[in-house]
2 protein chains.
Amino acid sequence: MNQTTRVPRGEARARLIEAARILVRRKGFAATSLDDLCAAAGVTKGAFFHHFASKEALGVALIDDWTETTGAMFAAHPYNSLPDPVDRLFGYLELRRQILGQPIADFSCVAGTTVQEAFETSVSMRAAAERSILSGNDHVRSHLVEALAAHPLPGITAESLAHLFQVAVQGGIVLAKAKGDASPAHEAFDHLERYLRLLFNRPA
Amino acid sequence: MNQTTRVPRGEARARLIEAARILVRRKGFAATSLDDLCAAAGVTKGAFFHHFASKEALGVALIDDWTETTGAMFAAHPYNSLPDPVDRLFGYLELRRQILGQPIADFSCVAGTTVQEAFETSVSMRAAAERSILSGNDHVRSHLVEALAAHPLPGITAESLAHLFQVAVQGGIVLAKAKGDASPAHEAFDHLERYLRLLFNRPA
DNA sequence: TATAATATACCGACCAGTTGGTATGTGGTC
DNA sequence: GACCACATACCAACTGGTCGGTATATTATA
């Protein structure tokens, strides 16, 4: 209740986004109230509306921050320096499987969760979610383009395969939430890897 | 506003669930208020709380109704009478692709949308969503069990493949909502079909 | 370099409208 | 006339958002 130590000047915005990430992942966007959010961030309503014009604006900032953070995380990972693009794809999948070891709320996707609610009610949030998906897509696609250049597959585009990765990630999250267990998501990545091995003729 | 023609006696509950299905698909569960819901159903708050103990109870009833409706729809489809189980799987995928021709809100999944928001905040709604996913899973799995009996694939279970179908459906919806376009979902089904053709040795 | 002027960051009380939920009344049906 | 299926009226708590104010930082000026 009573704030004993104040949030240092200049940190309010970052703290609000951090708190929003946690709350939205747990309860969704609509169910996250600004009062709860500000309390969790240790900040007042005044601070909120100084940094964000509306709850919707916070949502956009949250998703954009999410895009940046996750993008940087994947870009920084060691598998990116593997010489073989197909191995990089397997490295990506392996990382994804590792992430599934965390609690469900911690591997839930901010963009995916939010766009389920807001795709019709908020133009700007849907657009932000599209940017987020697109960013993840680009990462995988770059490896796929290389892989397909070395091993062309008639009728299969890097774009559509990259989408399949995203579909597996997002669908896996939904099933994990429903079952309270990450194993269906885990299995989906296994199947995706097996599909890639069949396509690129890479037996395990 | 003013109710000109009243909802016939005995229909309130069904109308509420129907209206909830539409609103929840468009705006999510939390963002759907009881006032809006009752107005859309042409019914008063008194009717609502006569049939449902709480908003959460309506959510559970909505998801269970969804499970029943979709289950009946898939069970009734002609592809189920095809002699070959693998052909039935292709028939299922073809039907899924047809459904993608509708507006996004109309192929959005009530269970998937709701569980994204409520998996941590409502035990009963998460359980209802699990029942829904499980029901869809069972349908596909029954064909997969037959297919695997005729054409065994070491290391691949009907259960995990059935999950993959659900993952493709749910993930496809998320991507479609984000992009405002069903094509990534469509492509995911194409890849899934190609994967099955490779596994079961069924070239197109 | 001291100081005035201005911009930034944040506070917290307040507001009107909405929220899920309740208590009680009423008309139709058996 | 009892019961069921709703309608009506109402409520406290909460909702996103506003607004006047203050403390701190930045820049301009002399």
Side-chain angles (χ1 to χ4, degrees), chain A residues 1-20 23-24 26-63 65 114 117-118 121-125 128, chain B residues 1-20 23-24 26-63 65 114 117-118 121-125 128:
Chain A
M1 298 294 143
N2 266 341
Q3 200 66 30
T4 49
T5 50
R6 266 197 191 173
V7 169
R9 191 183 171 87
E11 289 189 13
R13 193 193 137 97
R15 294 239 188 170
L16 279 165
I17 288 187
E18 193 189 333
L23 289 176
V24 168
R26 279 214 293 250
K27 324 199 296 173
F29 181 76
T32 296
S33 78
L34 296 190
D35 282 350
D36 283 356
L37 178 57
C38 291
V43 150
T44 61
K45 280 285 241 328
F48 181 95
F49 282 99
H50 173 71
H51 290 288
F52 307 103
S54 63
K55 192 188 179 188
E56 189 180 14
L58 176 270
V60 173
L62 167 67
I63 299 173
D65 174 83
T114 308
E117 303 177 54
T121 47
S122 167
V123 192
S124 57
M125 288 177 65
Chain B
M1 305 292 145
N2 267 341
Q3 201 64 32
T4 50
T5 49
R6 267 197 191 174
V7 169
R9 195 181 171 86
E11 288 190 13
R13 192 192 137 97
R15 293 240 190 170
L16 279 165
I17 288 187
E18 193 189 334
L23 288 176
V24 168
R26 280 214 294 250
K27 325 196 297 171
F29 181 76
T32 297
S33 77
L34 296 190
D35 281 350
D36 283 357
L37 179 56
C38 291
V43 148
T44 62
K45 281 281 248 321
F48 180 95
F49 282 98
H50 175 71
H51 289 287
F52 306 103
S54 64
K55 192 189 180 187
E56 189 180 13
L58 175 271
V60 173
L62 167 66
I63 299 174
D65 174 83
T114 307
E117 303 177 54
T121 48
S122 166
V123 192
S124 57
M125 287 177 66

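Residue numbers start from 1 in every chain, and the chains themselves are labelled A, B, ... in the order their sequence lines are given, proteins ahead of strands. Just so it is clear, the structure is predicted and the values come from calculations on it, not from any experiment.
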Whole angstrom value for the distance that separates [atom2] of [N] from [atom1] of [X]:
X	N	atom1	atom2	answer
B:Phe48	D:dT8	CZ	C1'	17 Å
B:Phe29	C:dG20	CZ	C1'	11 Å
B:Asp35	D:dC14	CG	C1'	14 Å
B:Phe52	C:dT19	CZ	P	19 Å
B:Leu37	C:dG21	CG	P	12 Å
A:Leu16	D:dG17	CG	P	14 Å
A:Arg15	C:dC10	CZ	C1'	14 Å

[X], nearest nucleotide to its side chain (from [options]):
X	options	answer
A:Leu34	D:dG17, D:dA7, D:dC6	D:dG17
B:Lys55	C:dG21, D:dG17, C:dC10	C:dG21
B:His51	C:dC10, D:dC6, C:dG21	D:dC6
A:Phe49	D:dA25, D:dA7, D:dG16	D:dG16
A:Lys45	D:dG17, D:dT15, C:dG20	D:dG17

- Item | Side chains of A:Ile17 and A:Phe52 in contact at under 4.5 Å (non-hydrogen atoms) |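 Heavy-atom side-chain distance check passes, below 4.5 Å.
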- Query: Given side chains that start at C-beta, do those of A:Met125 and A:Thr114 come closer than 4.5 Å, heavy atoms only?
  - Reply: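 A side-chain contact exists here, since the closest heavy-atom pair is under 4.5 Å.
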- Establish, with yes or no, whether the OP1 or OP2 oxygen of C:dC10 is under 4.0 angstrom from a side-chain nitrogen or oxygen of A:His50.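 A:His50 to C:dC10 OP1/OP2: no side-chain N or O under 4.0 Å.
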- Query: Does a side-chain N or O from B:Ser33 land closer than 4.0 Å to OP1 or OP2 of C:dT19, or not?
  - Reply: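 Yes, because at least one side-chain N or O of B:Ser33 sits under 4.0 Å from OP1 or OP2 of C:dT19.
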Is a donor on one side and an acceptor on the other found under 3.5 Å between the side chain of [X] and the backbone of [Y]?
X	Y	answer
A:Lys45	A:Leu34	no
B:Lys55	B:Ser33	no
A:Glu117	A:Gly28	no
A:Ser122	A:Ala118	no

- Message: Need the bend value for the helix from C:dT1-D:dA30 to C:dC30-D:dG1: angle between end axes, 5 pairs each end, nearest 10°.
- Response: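 The helix from C:dT1-D:dA30 to C:dC30-D:dG1 shows an end-to-end axis angle of 10°.
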- Remember a base hit wins even if backbone is also touched, and classify A:Glu56 as base, sugar-phosphate or nothing at under 4.0 Å, heavy atoms.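 No contact.
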- Message: To the closest 0.5 Å, what do you measure between CD (A:Glu18) and CG (A:Leu23)?
- Response: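 Rounded to the nearest 0.5 Å, the CD-CG separation comes out at 11.0 Å.
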- Message: Judged by each residue's nearest nucleotide on DNA chain D, which is more toward the 5′ side, B:Ala47 or A:Ser54?
- Response: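 Per heavy-atom nearest nucleotide, the more 5' residue is B:Ala47.
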